Amino acid sequence: MLRARVPAYCAAFFLAALVGYASPKTVKPTVQDSAEARRDTAKQYFSIGAGYFQSGETDAAIMNLERALTYDSSYYDVYLMIGSVYRRLNDANKAEETYRRAINVEPQQSRAYLELGDVLLSAGRDSAAMSVYEDGLAHDSSNADLYNGVAEVFLKWNQKSRADSVYRQAIARFPNELSVVWNWADFLFRQNRFADALPALEPLASQYPKIPEVRNKLADAYAGVNKFDKAVAQLETLLTIDPANNLTILRLGAAYQKVGRLKDAGLMYDTLIAHDTTQALPYRYKAEALIAQGSSGAAEPLLRRALKLAPQDKIAVADLGDVYLNRARAAVPKNLAEAQTQAIDEAIRLCDEAKGYYERASSDPDVRGYAASKTQYVDQFLKSLKLERSVRD
């Protein structure tokens, strides 16, 4: 489940650092008898286990973490880290068992409920996960990620209205909590409810100005409601933060096209092509910008290069259809009666080629509707051309 939160093992590792990180080669802790001393010894073993976990030595990590519990079986954070080790090992049963031990030790602490719910949800045990998330909220309603868990279960059950209700409750309670707003925005995006996402994402971008994912999401929301000028502003800001980010450059070029800044779009694509000639999209996007400027002839070689790199790209195939259709239209005047016979023949040939490209493109369901509408236009144009040609025979 996508959550902007620190995993349990990371949080536990930070705690271990506070008590003094010991490398995996640390000398064996001294055993002492008092409760306070036993907790201190447990902390040392916890720190050693954390070190092994961070270095990927899971067996040694578990051995030392379990050893810590022999000195203090009420040490909550140790259970969380052991659960994280088992999750890394994809041992859901052991992880579940460990998180349940943590809940028995500290039933008022919500972190183990969250981790256990995630384990159950990942295992497809949705009802059990829902029960655990709800138990966690009953003990600690301040844990925003538990609301995300409940909403995620409702989504798996296709109960979107109930998920929406949970997210709204969470947003009302935690308006500045990144994970809550992010998950709600993601939920809204999946339903194309971009306008509903904007009131949550706009303040989030101000609060976390240097988190690229937030600005990217906000740019997508603006694009979803056809506010491309605002999408451009977000992407331009992202580019100042990370000038070498190729995806941002590509997205900014596409946004420039939407607002009619076709030369700026071309510059973005030129930058990408200069950096890497093996990527198809910059060639196709630049070709589309050229087509929009009326330069179909310059667009054709770029589209052929794009298709050489990505033969399955049916959008590029449809774009070639546009190139040939535009050339056909340019070959004859609007009043066909004024056209030279040779020009009409050339236009007919170009239309036939355009139609062939649209038919090839229609094999992709995402392009089929566009290709069908353009084919219909070509058929009408061909009918007019052939009628004029028949008059001259």
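As a basis for the values below, the full set of heavy atoms in this structure was taken, side chains included, without hydrogen atoms, waters or symmetry mates. Keep in mind it's a predicted model, so treat the numbers as computed, not measured.
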Exercise for the section: Could I get the full list of side chain to side chain contact (heavy atoms under 4.5 Å, CB included) partners for Ala95, not counting sequence neighbours? Expected result: Tyr86, Arg87, Tyr99, Val119
Heavy-atom check, side chain of [X] versus side chain of [Y], under 4.5 Å:
| X | Y | result |
| --- | --- | --- |
| Pro282 | His275 | no |
| Trp182 | Glu213 | yes |
| Asp319 | Val323 | no |
| Arg193 | Asp164 | yes |
| Asp379 | Lys355 | yes |
| Gln293 | Lys263 | yes |
| Thr248 | Ile241 | no |
| Asp72 | Val78 | no |

Exercise for the section: Would you mind listing every side chain to side chain donor-acceptor pair (under 3.5 Å) that reaches into residues 359-376, with sequence neighbours excluded? Expected result: Asp322-Tyr370
Problem - Glu202 atom CD, over 12 foreign heavy atoms within 6.0 Å - result: yes
Handout entry: Enclosure of Gln108 CD (heavy-atom neighbours >12, cutoff 6.0 Å)
Key = yes
Can you name the nearest heavy-atom pair linking [X] to [Y], along with the distance?
| X | Y | result |
| --- | --- | --- |
| Ala316 | Leu303 | O-CD2, 4.1 Å |
| Ala265 | Gly253 | CB-O, 3.3 Å |
| Ala112 | Tyr76 | N-OH, 2.9 Å |
| Cys351 | Ala328 | SG-CB, 3.7 Å |
| Arg88 | Thr58 | CD-CG2, 4.3 Å |
| Ala223 | Ala231 | N-CB, 4.3 Å |

For the atom pair [atom1] ([X]) and [atom2] ([Y]), what is the distance rounded to the nearest 0.5 Å?
| X | Y | atom1 | atom2 | result |
| --- | --- | --- | --- | --- |
| Asn326 | Leu350 | CG | CG | 10.5 Å |
| Asp140 | Asp135 | CG | CG | 12.5 Å |
| Asp77 | Glu106 | CG | CD | 9.0 Å |
| Leu325 | Tyr358 | CG | OH | 4.5 Å |
| Ile103 | Leu116 | CD1 | CG | 5.0 Å |
| Ser165 | Gln159 | OG | CD | 11.5 Å |

Practice task
For side-chain contact (heavy atoms from CB on, under 4.5 Å), just list the numbers for Leu382 and Asp352, CA-CA rounded to whole Å, side-chain angles, deciding distance to a tenth of an Å, and then say yes or no.
Solution key: CA-CA 8 Å; Leu382 271 171; Asp352 286 336; 3.6 Å; yes
Side-chain heavy atoms nearer than 4.5 Å, only ILVMFWY residues, links allowed to pass through others: does that put [X] and [Y] together?
| X | Y | result |
| --- | --- | --- |
| Leu201 | Phe194 | yes |
| Leu146 | Val132 | yes |
| Ile344 | Val378 | yes |
| Trp184 | Tyr208 | yes |
| Leu89 | Tyr79 | yes |

Taking the basic N atoms (NZ, or NE/NH1/NH2) and the acidic carboxylate oxygens, is any pair closer than 4.0 Å for [X] and [Y]?
| X | Y | answer |
| --- | --- | --- |
| Arg327 | Glu300 | yes |
| Glu36 | Arg39 | no |
| Lys156 | Glu152 | no |

Does [X] reach the main-chain N or O of [Y] with its side chain, forming a donor-acceptor pair under 3.5 Å?
| X | Y | result |
| --- | --- | --- |
| Arg67 | Gly49 | no |
| Ser47 | Lys43 | no |
| Ser131 | Ser127 | no |

Exercise for the section: Give the C-alpha distance, both sets of side-chain angles, the deciding distance and a yes or no for side-chain contact (heavy atoms from CB on, under 4.5 Å) between Arg305 and Lys286. Expected result: CA-CA 11 Å; Arg305 174 64 177 168; Lys286 183 179 181 182; over 6 Å; no
Salt bridge (charged side-chain N to carboxylate O under 4.0 Å, His left out) pairs, two or more places apart, involving [range]:
| range | result |
| --- | --- |
| residues 274-284 | Arg284-Glu288, Arg284-Asp313 |
| residues 328-342 | none |
| residues 227-247 | Glu236-Arg261 |

Among residues two or more places apart or on two chains, list those pairs meeting ring-ring contact (aromatic ring centres under 6.0 Å, His included) that have a residue in [range].
| range | answer |
| --- | --- |
| residues 295-332 | Tyr324-Tyr357 |
| residues 143-163 | Tyr147-Phe174 |
| residues 286-315 | none |

Problem - Under the side-chain hydrogen bond (donor to acceptor under 3.5 Å, both in side chains) test, residues paired with Tyr167 that sit two or more places apart - result: none
Practice task
Under the side-chain hydrogen bond (donor to acceptor under 3.5 Å, both in side chains) rule, collect the residues that match up with Asn216, sequence neighbours excluded.
Solution key: Arg251
Practice task
Check the pair Glu346, Arg349 against salt bridge (charged side-chain N to carboxylate O under 4.0 Å, His left out), reporting the backbone distance first and the verdict last.
Solution key: CA-CA 5 Å; Glu346 177 65 4; Arg349 184 188 70 79; 2.7 Å; yes
Practice task
Could you walk me through whether Leu218 and Leu198 pass the side-chain contact (heavy atoms from CB on, under 4.5 Å) test, one step at a time?
Solution key: CA-CA 7 Å; Leu218 181 55; Leu198 283 172; 3.6 Å; yes
Fill in the blank from the handout: Apart from Leu238 itself, its cluster of hydrophobic side chains linked below 4.5 Å comprises Phe228, Val232, Leu235, Leu239, Ile249, Leu250, Leu252, Tyr256, Val259, Met268, Tyr269, Leu272, Leu281, Tyr285
Practice task
Output the rest of the hydrophobic cluster of Ile315: all Ile, Leu, Val, Met, Phe, Trp and Tyr residues reachable through side-chain heavy-atom contacts under 4.5 Å, sorted by chain and number.
Solution key: Val367
Exercise for the section: Given side-chain hydrogen bond (donor to acceptor under 3.5 Å, both in side chains), test Asp186 with Asn183 step by step and report yes or no. Expected result: CA-CA 5 Å; Asp186 187 62; Asn183 281 282; over 6 Å; no
Practice task
Run the ring-centre check on Tyr113 versus Tyr133 and record whether the distance is less than 6.0 Å.
Solution key: no
